[in-house]
Amino acid sequence: MCNRGIVIGFQKGSIFMKLRDFYRIIMFVIAVMVFTICVTSCSSEGVNSQAGTVSVLDNGLALTPPMGWNSWNAFEADIDEWKIKKIADAMVDSGMRDAGYTYLVLDDGWMASSRDSNGNLVADPNKFPSGMKTIGDYIHSKGLKFGIYEDRGHWTCQQLPGSFEHEQADMNKFASWGVDYIKMDSCFAENNGRLSSVDYALYRNCITKTGRPMVLSISDFGNGAWTWGGEEMAQLWRTSYDIYPWMDSVYYCADTSAGDHSIHPAFNGLWQFAGPGHWNDPDMLQVGNLAKDIENKAHFSLWCILAAPLMAGNDLRSMSDSVKNILTAPEVIKVNQDPRGIQGYKVYDNGDQEIYNKPLQDGTTAVLLLNKGPEPANITINWETIGLSGRQKVRDLWKQKDLGYYEDSFTTENLPQHGHILIKVGTTGPELAAPAPLPLDKYTVTKSGTTYLSDLYYIWKNGEHPRKDKNYNNNPITINGITYNKGLGCKDDTKIMYKLNNRADRFKAVVGLDDSYSGNSTGRFRIYNEDLFGNRVLFESGDMHKGSPAKNIDLDVRGVKCLLLVFEGDNVLGDWANAQAIAIN
Ligand code: GAL
């Protein structure tokens, strides 16, 4: 089977593609075409603008993806100073620190259940009797950096004191303890009444005021920090819900960053939002917590090619040699830490087999060929797919071994499930072109007059992919007998975010259940400014039934960066007819 020169050889039993796979290939080909058009139509300046972009924070932090260890995946809230000191020792003794894992981050569960009488955060006296400054000093004495967890709500997820309304005082406290890295979570933050972008900008400013450089890690369960400009506030942001120690979860989290779980397929994942100083974070590593080494390796290879933060989450005190060898594999880590900072992107995905490409600073490129599917498979990468041709040198980065020179393509055979090969292709020289980001006018409002949302790619979604200019069943949008040529057709719970980019003045739409729906369930339409956390509801339809009169929406959206459209229903078809943003000037 061929696709743009890539040949996949299937073993017996996997010849018949599932419909889902066919759909994914079509979507993938569209995505490849979109960015191929971009690559060929942009000037070389445009092409290179992605490579080497520096975060607007530009404070020299996290110029490569942060590496370290975090307590949550191994221990959840069951942490104390004795355990953490042993972990710090193990980070040094195992060679993890020298391999690059420098941040030791205490996740939720380190603090006392209430603040002291002066309103200060304090460590849990039973778990950390020596206090946080002492544990920080110990971590620093080992040549490591000290990271800590907090939450921007009233409470952390473990219902310990959150930083809401204590922002500056808490950041000052962290600085006085010698903290180098803050993971700022979002439990209970929907009650803050602040937009996420406002909330995280507040923390960024409070951190700056302390005078201590501290990495800020946004933990918002993948609600879409890249949509509202997370890179202006933080060095990394979560793209997913929590990761668990099984492969479905690992692959799901990887795909929130590399696939279309959380963004329109035309983006081909979130690679265009990452770069030095600002990284997509598909959550912390489960390497060492998975059932088999082949799974641990596949997980690690994916995080490395995706330029994801590498925060180990296994119990380092009892780590096996094979897990240690995976986490410290030097040439695999080098791919992750490449200073060019391009997030690897998919160049092939048929639902079971995937190929990722990550152009490196030295002019070579790293390629991951991965079989996720249950059947053994051969995978071939054609050089033309990754901007190369002719005879190319190939090196196996796990084996640290040159495999020789390959003409036009490279094939790996009989890969079992989770089997993969991570190779470096080419010789050193000028950098290979990185694909250009999607042009702004494809996904934001850039012009005066009317922009129909169905003519833009959404920038975040949760639930089913909405239909453009059709109802969900691909028939004309019809409400109360009126047919609309433009709009979005949804079914069941669907949240879709569009980036208005502060450019639009008004948003207009007509909403109602599609006339083709004949059931008795209700549907409900709401519009939020930005994401759900700010709880800024701009429109609420209330429950609508079949035949309910359509509701006209006409909103002032000046100053709105992102508009979140939420439809809720159970097996119901709902339409955002004529949904449009209007920019007066
Ligand atoms: C979750 C977060 C996890 C962990 C946990 C602590 O919200 O996604 O990574 O920090 O809270 O309670």
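Positions are given from 1, in the same order as the sequence printed here. Counting starts at 1 for both ligands and their atoms, following the listed order. Values below: all heavy atoms of this structure, side chains included; hydrogens, waters and symmetry mates excluded. Keep in mind that what you see is a predicted model, and the values were worked out from it rather than measured.
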Are any of the side-chain nitrogens in [X] or [Y] under 4.0 Å away from the carboxylate oxygens of its partner?
X	Y	answer
D255	K346	yes
R536	E530	no
E568	R526	yes

What protein heavy atom sits nearest [atom], and how far off is it?
atom	value
atom 7 (O) of ligand 1	D185 OD2, 2.8 Å
atom 8 (O) of ligand 1	D242 OD1, 2.5 Å
atom 12 (O) of ligand 1	D108 OD2, 2.8 Å

Practice prompt. If a pair satisfies salt bridge (charged side-chain N to carboxylate O under 4.0 Å, His left out) and one of its residues is in residues 108-126, list it, with sequence neighbours excluded.
Written response: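 Those involving residues 108-126 are R115-D170.
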Fill in: ligand 1 versus E76: contacting region, heavy-atom distance under 4.0 Å
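The answer is neither.
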Worksheet item: Is it the side chain, the backbone, both or neither of Y241 that has a heavy atom closer than 4.0 Å to ligand 1?
Response: neither
I'd like to check which ligand 1 atoms, numbered from 1 as shown, lie under 4.0 Å from a non-hydrogen atom of [X].
X	value
Q158	12 (O)
K183	3 (C), 4 (C), 9 (O), 10 (O)
M284	9 (O)
D107	4 (C), 6 (C), 10 (O)

Discussion item. Regarding ligand 1, does W72 bring an N or O atom to under 3.5 Å of one of the ligand's N or O atoms?
Written reply: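 Between W72 and ligand 1, no N or O pair is found under 3.5 Å apart.
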Worksheet item: Is there a side-chain contact between Y181 and Q235, using heavy atoms and a 4.5 Å cut-off?
Response: no
Fill in: Among D281, N280, N223, D220, the one residue meeting side-chain hydrogen bond (donor to acceptor under 3.5 Å, both in side chains) with W237
N280
Worksheet item: Do the rings of W177 and F174 sit parallel, tilted or perpendicular, given the 30° and 60° boundaries?
Response: tilted
